[in-house]
Every structure is written in C-alpha cells, then in structure tokens.
Amino acid sequence: ALEYEEIFDSIRDPILVYSLESDQLLTVNRATEETLGYEARDLEGAGLDVFTPADASGDLESVPDRIHDEDPLLFEARFETNAGETVPVAVNATRIAYYGTDAILGVVRDISSQKAKQRQLEQTKEELEELNTRLQLALEETDTGVWSWDRPTDTVRWDETSDRLFGYDPGTFPGTF
C-alpha cells in the first residue's frame, strides 16, 4: 500500500477521494495541498463545499448526483484556494471503491493558463474582425481592388473590384498574368 501512496502523492495534479456514503473527503494528495493551500488533515472529513467559491453554489455539490457507475464525469468548475483565490479547473471524476467505501476519485487540473490564452485568442479574434471590417469599408469607399499572386504556381486571385477595374466580367479573370 505504501507504493500506491507514493504514486498518489507524486502526481502533480490535485487528487481528491470523496465518500458518497458520508459526503466527505477521505483523502487528498500532496498536490492538493500545494495547489490549493490546504493541509490534508484540514480537508479530510470536509465536504466539497470547502472548494466552492461563494458565487458558484452547486457546482461541486451536484457531482455526486451526476456521476454514474461506469462513466467518468468530465467538467469545468472553479475551486477556491485556502487564500480565497478562485482557480478555474478541469475535473475528471470517476466512481470507485475506496477501501470498501463507495467513493469518487477526482483528478483536478488548474486550467488558468488555458483560460487566459483562450481570452487572449478571443480578444485577438475580435480585434481582427474589427480590422477586417474597417479594411472592407475602406476598400469599398475607395474603389480599390485586392489581389494575390502565388508565384510558385503562377496563380493570381483577385476580387470583383479588380475584375471590373481590369475590364473583366465578374468571375472571368483567367487567374494568371
């Protein structure tokens, strides 16, 4: 059993074992202490609400009702650290038998950096859409055509304004110089 405890504690993601019978945490690994700032002895016997931010009631408390025998439950939530900080997490919860007790094994991954990258990507997308809209308006108002040339294939693409400016009917440009 000592081998398994060493493996359990060597995993870098927080792991929680929660009893479905007593509705309390049975054990946590070292990463739970390090990531969330709680001492294992303070968590053992606590409910899942210990991790629930005040503005997110029900997120974690509903897990025991949503988990089924065979299927793991994958979801995102927010955990509150012992310092009161809110951390976005991805949780993989699986129903297990833990020393004869019906329990949930939850592997928790901090997804703060992924969420920050996602927000940055969304912001960049919005900025590009705005720039594209401005470019389209400028092109339309100045009667400017746009074209591109793929030199290796000698293929030229251009828009309808370029067709018109060079005397072609829309869509009839042959595509080469």
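- Salt bridge annotation for E76-K115: present, with a cationic side-chain nitrogen under 4.0 angstrom from a carboxylate oxygen.
- Between the side chain of N29 and the backbone N or O of T32 there is at least one donor-acceptor pair closer than 3.5 Å.
- Surrounding CD of E160 are at most 12 heavy atoms belonging to other residues, nucleotides or ligands under 6.0 Å away.
- For the atom pair CD1 of I104 and CG of L20, the computed distance is 4.0 Å after rounding to the nearest 0.5 Å.
- Residues that satisfy the side-chain contact (heavy atoms from CB on, under 4.5 Å) test with R151, not counting sequence neighbours, are W149.
- Residue pairs meeting the ring pair (Phe, Tyr, Trp, His ring centres under 6.0 Å) criterion with at least one member in residues 14-47, sequence neighbours excluded, are Y38-F51.
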Side-chain donor-acceptor distances from residues 129-139 under 3.5 Å, at least two apart:
unit_1: T133; atom_1: OG1; unit_2: E129; atom_2: O; d: 2.9

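- Here the side chain of S162 pairs a donor or acceptor atom with the backbone of V146 at under 3.5 angstrom.
- A cation-pi geometry, defined here as NZ or CZ lying under 6.0 Å from the six-membered ring centre and within 45° of its normal, does not hold between R157 and F173.
- The salt bridge (charged side-chain N to carboxylate O under 4.0 Å, His left out) search around D13 returns R109, not counting sequence neighbours.
- Evaluation of the side-chain contact (heavy atoms from CB on, under 4.5 Å) rule for Q120 yields Q123, T124 as partners, not counting sequence neighbours.
- Residues V87 and R78 form no side-chain contact, since every pair of their non-hydrogen atoms from C-beta on lies 4.5 Å or further apart.
- Without hydrogens or angle criteria, D9 side chain to R30 main chain gives a donor-acceptor distance under 3.5 Å.
- E122 CD to K125 NZ: the interatomic distance, rounded to the nearest 0.5 Å, is 8.0 Å.
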(message) Using side chain to side chain contact (heavy atoms under 4.5 Å, CB included), reason through V63 and L73 one step at a time and then give a plain yes or no.
(response) CA-CA 8 Å; V63 171; L73 180 62; 4.1 Å; yes
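- Shown here are the salt bridge (charged side-chain N to carboxylate O under 4.0 Å, His left out) partners of D102, two or more places apart in sequence or in another chain: R95.
- With hydrogens and angles disregarded, no donor-acceptor distance shorter than 3.5 Å links the side chain of T101 to the backbone of A103.
- Under the 4.5 Å side-chain heavy-atom criterion for grouping Ile, Leu, Val, Met, Phe, Trp and Tyr, L26 is connected to Y99 within one hydrophobic cluster.
- Tracing side-chain contacts under 4.5 Å through hydrophobic residues (I, L, V, M, F, W, Y), one never reaches I111 starting from F79; they form parts of separate clusters.
- D159 contributes no side-chain N or O that, together with a main-chain N or O of G145, makes up a donor-acceptor pair within less than 3.5 Å.
- Judged purely by atom type and a 3.5 angstrom limit, T172 uses its side chain to pair as donor or acceptor with the backbone of D169.
- E80 contributes no side-chain N or O that, together with a main-chain N or O of T86, makes up a donor-acceptor pair within less than 3.5 Å.
- Atom-to-atom distance recorded for D110:CG and Q114:CD is 7.5 Å, nearest 0.5 angstrom.
- Here the OG1-CD1 distance, from T94 to I67, works out to 6.0 Å after rounding to the nearest 0.5 Å.
- In E141, the CD atom is not crowded: 12 or fewer heavy atoms of neighbouring residues, nucleotides or ligands sit closer than 6.0 Å.
- In plain terms, the two heavy atoms of D163 and G171 that are nearest each other are OD2-N, 2.8 Å.
- Heavy-atom minimum distance, V91 versus V108: CG2-CG2, 4.3 Å.
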(message) Please determine whether side chain to side chain contact (heavy atoms under 4.5 Å, CB included) holds for the pair V28 and V17, giving the CA-CA distance in whole Å, both sets of side-chain angles, and the decisive distance to 0.1 Å.
(response) CA-CA 6 Å; V28 299; V17 179; over 6 Å; no
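- The local environment of CZ in R164 is crowded, with over 12 non-hydrogen atoms from other residues, nucleotides or ligands closer than 6.0 Å.
- For the pair L16 and L25, the tightest heavy-atom approach, listed with the atom from each and the gap, is CB-CD2, 4.0 Å.
- Put simply, CG on N92 and CG on L74 are 4.5 Å apart, with the number rounded to the nearest 0.5 Å.
- Within the 3.5 Å criterion, the main-chain N or O of A31 finds a donor-acceptor partner in the side chain of T35.
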